[in-house]
Amino acid sequence: MDWNELEKIRLAKVEAMRSEDIEPYPTRSEVDQTIKTAIIAFEDFEKQSEPSINAPQAILAGRIRSKRVMGKLAFCHIEDSSGRLQLMLRVNEIGQGGLKEFDERFDLGDFIQAGGSLMRSRTGEITLLVSEYKMLAKAITPLPAAKDEIVDGKVVHHATLSDPETRYRQRYADLAVNDEARNIFRTRTAIIRALQRFLDKHDFIEVETPILQPIYGGAAARPFSTFHNQLHQELFLRISFELYLKRLLVGGFDRVYEIGRDFRNEGVSFKHNPEFTQLEFYMAYADYEKIMGLTEQMLATVCDEVLGKRTFIFDGQEINMDIPWRRVELRQGILEATGVDIYAYPDAEALYQAMQKAGLNPKEGQPRGKLIDSLIGDFLEPNCIQPTFLYDYPRDISPLAKNKPGNPQIVERFEGFVGGMELCNAFTELNDPLEQEKRFAEMGRTYDADDEENHPMDEDYLQAMSFGMPPSGGFGMGIDRLTMLLTGNRSIREVILFPYLRDIESEE
RNA sequence: GGGCGCGUAGCUCAAUGGCAGAGCAGUAGCCUUUUAAGCUAUUGGUUGAGAGUUCGAUCCUCUCCGCGCUCACCA
């Protein structure tokens, strides 16, 4: 490794410690509690009507985040994942040598273990008066944070790491230094737990299905492909879980869900990561109406449990997740927004002409479904700031959804929009194997033969359907998007620990 | 992939076609209740990479790399 000047100075400190038989990376620590438990213990001690003479003792460990040495006395703050605490080191307890050692060998970013008794400093801050300490792990590279200040209990950063590229590439440094970043991922975990609790409570079971698949499907997207060396077989990374989860409905699991990673070989942007996390669930004997209700309930519950309230701010707007959501029939929504009645134009050419007449600048050569998709994206989605369901979709873009009785052109499908973003997608599942086979074939005709979004015919899936699948409702939702909403982030990179970034060309 | 913008010390940022600066961090001191500690002194740069214009380029031009925003594709 190439070390810079600051790092060489710290390496010299490591050498100096080793030369005195002090291990800068000891194998074990004698920590006996977290910072949080120590603070609580001290507060309890103070509350006693007749305080015992001896203040609570603690051996704590954490990363040094600030350091103030003044002659015969030093303060520093250490941080573990439970919180932050001030240490006070005095020659009275640790001697001249002990303080000098701390001053000369310990830097911001180092992990330290400190034992002593808890007290309050003159300014009233709970502080560990240190009687013994040791290095737990020396940091060679300085953390990028300059300094933090605590104002009214809130940490204020001064010139901290803010360059987005460095924050994503060196997420460890970002997390070590930026509390807000850590909180985003705590929230993300809390969201997933809340979803699992909700679904578990509703008698769903969580399952795992293959990520490597011989045939991809369940969504319109280009896959990543890979190769099994020994089997000499091309495999795809899944683009959805749908087809496998529905096989489980055939198998007799009436309520299943999976939370996991999907992979789509598409453009990368602040909205799109090549791998992203989805929740899909399938519920036997439910239809899309029932799923709509469950969706409202589920997301309201997640808000309650994660945020403690139903409202949050996203992109400057307060969003209210109370039940019920606004419901807009797709045809009606498009008619009101653009004046185009999609039911009046049953094929791509007619719809294209109508859109052109309405001055909407449609793209040429698109199948009808894609044209309708673009109407949704351009004219409906941006206006769905408050939670909204669009429902009843054209069958062209929904090959796995069931027809609405009495209207063969429409399927029972809805999408949920929040904050101007598509959040979820659900439908009454098509369970007629013959109809499904027809739909797969239709897709093959609709798209060019070389269109990678073409749904490959999945014979085994049809085989499964032919055993009989109960009438069911299915649901899919982007966890990253939900996290973006609930943490108020417009960029997906803020809510993925290690977002995809281009390789930096090595300078060899 | 297209368009626009950005890239300067470890971090956050200045600056100028003429010797590249500040705060914090670092280093050496002083300092026994600080918390952006303070005071004194001080180190630190291939200005993203490469080429061009120029007496002289960090600045102007071009190419490349990366990031951000945006459009396209999608979730």
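Sequence lines set the chain letters: A, B, ... in the order given, protein chains first and strands last, and positions in each chain run from 1. Predicted, not measured: the structure shown is a model, and the values here were computed from it.
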Under a 3.5 Å limit on both distances, the Watson-Crick or wobble mate of B:G10 is B:C24
For A:Phe102, does the six-membered ring have the charged nitrogen or CZ of A:Lys67 within the cation-pi criterion, i.e. under 6.0 angstrom from the centroid and within 45° of the normal? yes
Check whether the aromatic ring of A:Phe270 stacks on the base of B:G68, taking stacking as ring centres less than 5.5 Å apart and planes within 30° of each other. no
Result for 5'-nearest mapping on RNA chain B, choosing between A:Arg10 and A:Val268, is A:Arg10
Do any side-chain nitrogens or oxygens of A:Arg502 fall under 4.0 Å of OP1 or OP2 in B:C67? yes
Mind checking A:Asn273 for me? I need base, sugar-phosphate or nothing, with any heavy atom below 4.0 Å counting as a touch. base
Classify A:Leu501 by what it touches in the nucleic acid, base, sugar-phosphate, or nothing, heavy-atom distance under 4.0 Å. sugar-phosphate
Has the side chain of A:Asp163 got a donor or acceptor that lies under 3.5 Å from a partner of the other kind on the base of B:U12? no
Does any donor atom in the side chain of A:Arg413 or A:Asn425 lie under 3.5 Å from an acceptor atom in the other side chain? yes
Any idea which of B:A25, B:U34, B:U27 is nearest the A:Leu108 side chain? B:A25
A:Phe241 and A:Tyr244 aromatic centres sub-6.0 Å: no
Whom does B:U32 pair with, Watson-Crick or G-U wobble, provided both distances fall under 3.5 Å? none
Check the distance between B:A75's C1' and A:Ile397's CD1 and give it to me in whole angstrom. 14 Å
To the nearest angstrom, the CE-C1' distance between A:Met70 and B:G38 comes to 8 Å
Under a 4.0 Å threshold between the charged nitrogen and the carboxylate oxygen, would A:Glu79 count as salt-bridged to A:Arg84? yes
Should A:Arg182 and A:Asp179 count as an ion pair when the cut-off is N to O under 4.0 Å? yes
Under a 3.5 Å cutoff, is there a donor and acceptor pairing between the side chains of A:Tyr393 and A:Asp373? no
How many Å lie between CG on A:Leu482 and P on B:A75, as a whole number? 18 Å
Lys/Arg-Asp/Glu bridge criterion (N-O < 4.0 Å) met for A:Lys246, A:Glu280: no
Against the side chain of A:Leu161, the closest entry in B:C11, B:G66, B:G26 is B:C11
Any base atoms under 4.0 Å from A:Arg167, or only sugar-phosphate, or nothing? Heavy atoms, all strands. nothing
Would you indicate what A:Glu5 reaches in the nucleic acid, counting non-hydrogen atoms under 4.0 angstrom: base, sugar-phosphate, or nothing? base
With a 4.0 Å cut-off on heavy atoms, is A:Gln86 in touch with a base, just the backbone sugar-phosphate, or nothing at all? base
For B:A25, does either OP1 or OP2 sit under 4.0 Å from a side-chain N or O belonging to A:Arg65? no
Going by distance alone, is a donor N or O of one side chain under 3.5 Å from an acceptor N or O of the other, for A:Glu494 and A:Tyr168? yes
Rounded off to whole Å, could you give me the CZ-to-C1' distance for the A:Arg169 and B:G10 pair? 18 Å
With both distances under 3.5 angstrom, what nucleotide forms a Watson-Crick or G-U wobble pair with B:G68? B:C4
Can you figure out which of B:U32, B:G10, B:U34 approaches the side chain of A:Asn4 most closely? B:G10
Would you indicate what A:Ser162 reaches in the nucleic acid, counting non-hydrogen atoms under 4.0 angstrom: base, sugar-phosphate, or nothing? sugar-phosphate
B:A75 P sits how many Å from A:Leu380 CG, rounded? 16 Å
Should B:U47 form a Watson-Crick or G-U wobble pair with both distances under 3.5 Å, which nucleotide is its partner? none
Any strand: nucleotide that pairs with B:G52 via Watson-Crick or wobble, under 3.5 Å: B:C60
Closest listed nucleotide, where the reference is the side chain of A:Leu6 and the choices are B:C11, B:C67, B:G10: B:G10
How would you label the contact of A:Lys13 with the nucleic acid (heavy atoms, under 4.0 Å): base, sugar-phosphate, or nothing? sugar-phosphate
Between A:Asp378 and A:Glu422, just flag the one whose closest nucleotide in RNA chain B comes earlier from the 5' side. A:Asp378
Any base atoms under 4.0 Å from A:Met88, or only sugar-phosphate, or nothing? Heavy atoms, all strands. base
A:Leu73 side-chain proximity, nearest of B:G26, B:U33, B:U70: B:U33
For A:Arg122 and B:U33, give me the distance from atom CZ to atom P, rounded to whole Å. 6 Å
Would you indicate what A:Arg493 reaches in the nucleic acid, counting non-hydrogen atoms under 4.0 angstrom: base, sugar-phosphate, or nothing? sugar-phosphate
Among the nucleotides B:G68, B:U32, B:A75, whichever has the atom closest to the side chain of A:Tyr168 is B:G68
Partner of B:U16 by Watson-Crick or G-U wobble geometry, both contacts under 3.5 Å, or none? none
Expressed as a whole number of angstroms, how long is the span from A:Lys271:NZ to B:C69:P? 11 Å
With rounding to whole Å, what would you report as the distance between B:C13 and B:G45 at their C1' atoms? 15 Å
For A:Glu165 and B:C11, give me the distance from atom CD to atom C1', rounded to whole Å. 15 Å
Can you tell me if A:Arg68 touches the phosphate of B:U34, counting only side-chain N or O atoms and a distance under 4.0 Å to OP1 or OP2? no
